[in-house]
There are 2 protein chains.
Amino acid sequence: MQQPISMRTIERLSRYRRVLTDPSRQGVSYIFSHTLAALVQVTPSQVRRDIMGLGCAGNPTRGYRVEELLAAIATVVDDDQPQPVILVGIGKLGSALLNFFRGHRPNLQVVAAFDNNPEKVNRIYQGVRCYTLEDLPRIVAAERVSAAILAVPATAAQEAANQVVFAGVCGILNFAPAPLFLPAHVHVESIDLTTALEKVLFHTRHHALSSVVLNPR
Amino acid sequence: MQQPISMRTIERLSRYRRVLTDPSRQGVSYIFSHTLAALVQVTPSQVRRDIMGLGCAGNPTRGYRVEELLAAIATVVDDDQPQPVILVGIGKLGSALLNFFRGHRPNLQVVAAFDNNPEKVNRIYQGVRCYTLEDLPRIVAAERVSAAILAVPATAAQEAANQVVFAGVCGILNFAPAPLFLPAHVHVESIDLTTALEKVLFHTRHHALSSVVLNPR
DNA sequence: GGGTGTGAAGCCGTTCACAGCA
DNA sequence: TGCTGTGAACGGCTTCACACCC
């Protein structure tokens, strides 16, 4: 009866959590589906559906208890303990990401960085030490790392991914604009910056042509 | 009869183009749907569907002519001229993105950067000058900019978006982890880094629990 | 035989619509 | 009255299956 939660729902749960924990909303202890819906820009039905999957009950007069929602979301997407993550590639993008993820979510912690450039090895970047790729297996094992952020050039991506997976990682957030070929048990989430920008340009272009003939979403 | 092209298809077209223009594939002039499919990791039917929408004919014995495909893709997603884009926010992430988009696609050009920090104004970052936000309307008009990349902190995102839209931009690639409330004619594409990483962690976690009970994709 | 082009079927996520309830 | 919880309808995207062609 507890039916599987779709990936789309996970994404939204993450966003619900973000707005629910927004400091400006401090002190609000109950929220209606339509309020939350407006905040993340989805439909109220969508919110209720998602929450249904959480097995979390609301109340017709007050809505959902925020604290309860947050706890339920954490149960689904988080672990109880901080999740150790590694970063591979400390170029401009890599260090920007390091900076971004630092303190963004409390239990999502970058525990080590890796780079092939000898000048970078052993230096500390925003409190995170940089190692050679040779240290991967050791550190992945020691810190029980299961996910890696890949911020290397496209040409180095496949090789880096191989090494990371070999070291025991089974989840990758990939920023290199290249498809990765990896064993089926590895989950790859690619952030395709070029494609994203091209999508925006496609839209503006069609807006300019004032012939917006395409289905939304 | 030429039916509208879905957003999903646009994304894939962008990826098809990437692998088709890969230097290592130089000299290959024909390609089969299954070959291209393997390269971008989709099904052959998917590739054929997408190409069908392009109105581009293939040949049973040789496949599709690469040059023809590229031309057709360009017609749909690109413009003939380089597309001017602006960047708002030259922090770590902003300059990493500037670096990334520089020379990644030829006709996709960052023409100006903007930041509120007076120390950054008038400096040149990777060949791109930084301006105050007050210069937005002028430059957007002069350069005929229609899209903006937003790389500012979450707290500043809405305000920056307002200004950018006021200046005449109608497409935004947003990196701030905050929803943007804007007029309907503006297209916002959000890159949600936190959510993306949480998705990966969700997967690894469920892989670890060896109870991967969810539908793929 | 092996590929393309495409109608038809299937699948999944979203939205509707309404019963139940405070 | 107005919101939650949810079966049922809907719609879009993907995959199937097969006619057609080199």
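As a basis for the values below, the full set of heavy atoms in this structure was taken, side chains included, without hydrogen atoms, waters or symmetry mates.
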Output one line per pair: protein atom, nucleotide atom from nucleotides 16-22 of chain C, and distance, for all N/O pairs under 3.5 Å.
from: C:dA17; atom 1: N6; to: A:Arg48; atom 2: NH2; distance (Å): 3.3

**Report entry** All side-chain hydrogen bond (donor to acceptor under 3.5 Å, both in side chains) counterparts of B:Asp115, not counting sequence neighbours
**Finding:** none

Report summary line: Rounded to whole Å, CD of A:Gln46 lies from C1' of D:dC3 at a distance of 18 Å

Report summary line: Here the pair of heavy atoms bringing B:Phe32 nearest to B:Arg62 is CE2-C, 3.4 Å

Requested in this report: Return the value, rounded to whole Å, for the distance between atom CE of B:Met52 and atom C1' of D:dC13.
Outcome: 12 Å

Report summary line: B:Ile5 CD1 to D:dT14 P, in whole Å, measures 13 Å

Report summary line: Whole-Å distance, B:Ile51 CD1 to C:dT4 C1', equals 10 Å

Report summary line: Closest of C:dT4, D:dG5, D:dT14 to the A:Tyr64 side chain is D:dG5

Query raised in the report: When you measure from every atom of DNA chain D, which of residues 30-40 of chain B have a heavy atom less than 4.0 Å away?
Result: none

Report task. Would you please name every residue forming a salt bridge (Lys or Arg N to Asp or Glu O under 4.0 Å) with B:Glu68, sequence neighbours left out? Result -> B:Arg65

**Report entry** Gap between atoms CD1 and P, on B:Ile10 and D:dC13 respectively (whole Å)
**Finding:** 11 Å

Query raised in the report: Should the ring pair A:His206 and A:Phe202 be called parallel, tilted or perpendicular, given that the plane angle runs from 0 to 90° and is split at 30 and 60?
Result: tilted

**Report entry** Interatomic distance where CD belongs to B:Glu11 and P belongs to D:dG12 [whole Å]
**Finding:** 17 Å

Requested in this report: Mind calculating the distance between CZ (B:Arg8) and P (D:dT15) to the nearest angstrom?
Outcome: 11 Å

Requested in this report: Measure the spacing between CZ of B:Arg15 and CG of B:Leu36 and express it to the nearest 0.5 Å.
Outcome: 10.0 Å

Query - Under the salt bridge (Lys or Arg N to Asp or Glu O under 4.0 Å) test, residues paired with B:Arg18 that sit two or more places apart - result: A:Asp192

Requested in this report: State whether B:Arg205 and A:Asp78 are salt-bridged, where the test is any N-O pair (Lys NZ or Arg NE/NH1/NH2 against Asp/Glu carboxylate O) under 4.0 Å.
Outcome: no

Query raised in the report: Which distance, rounded to the nearest 0.5 Å, do you find between the CD of A:Glu198 and the CD1 of B:Ile10?
Result: 9.5 Å

Report summary line: The salt bridge (Lys or Arg N to Asp or Glu O under 4.0 Å) partners of B:Lys199 (sequence neighbours excluded) come to A:Glu11, A:Glu189

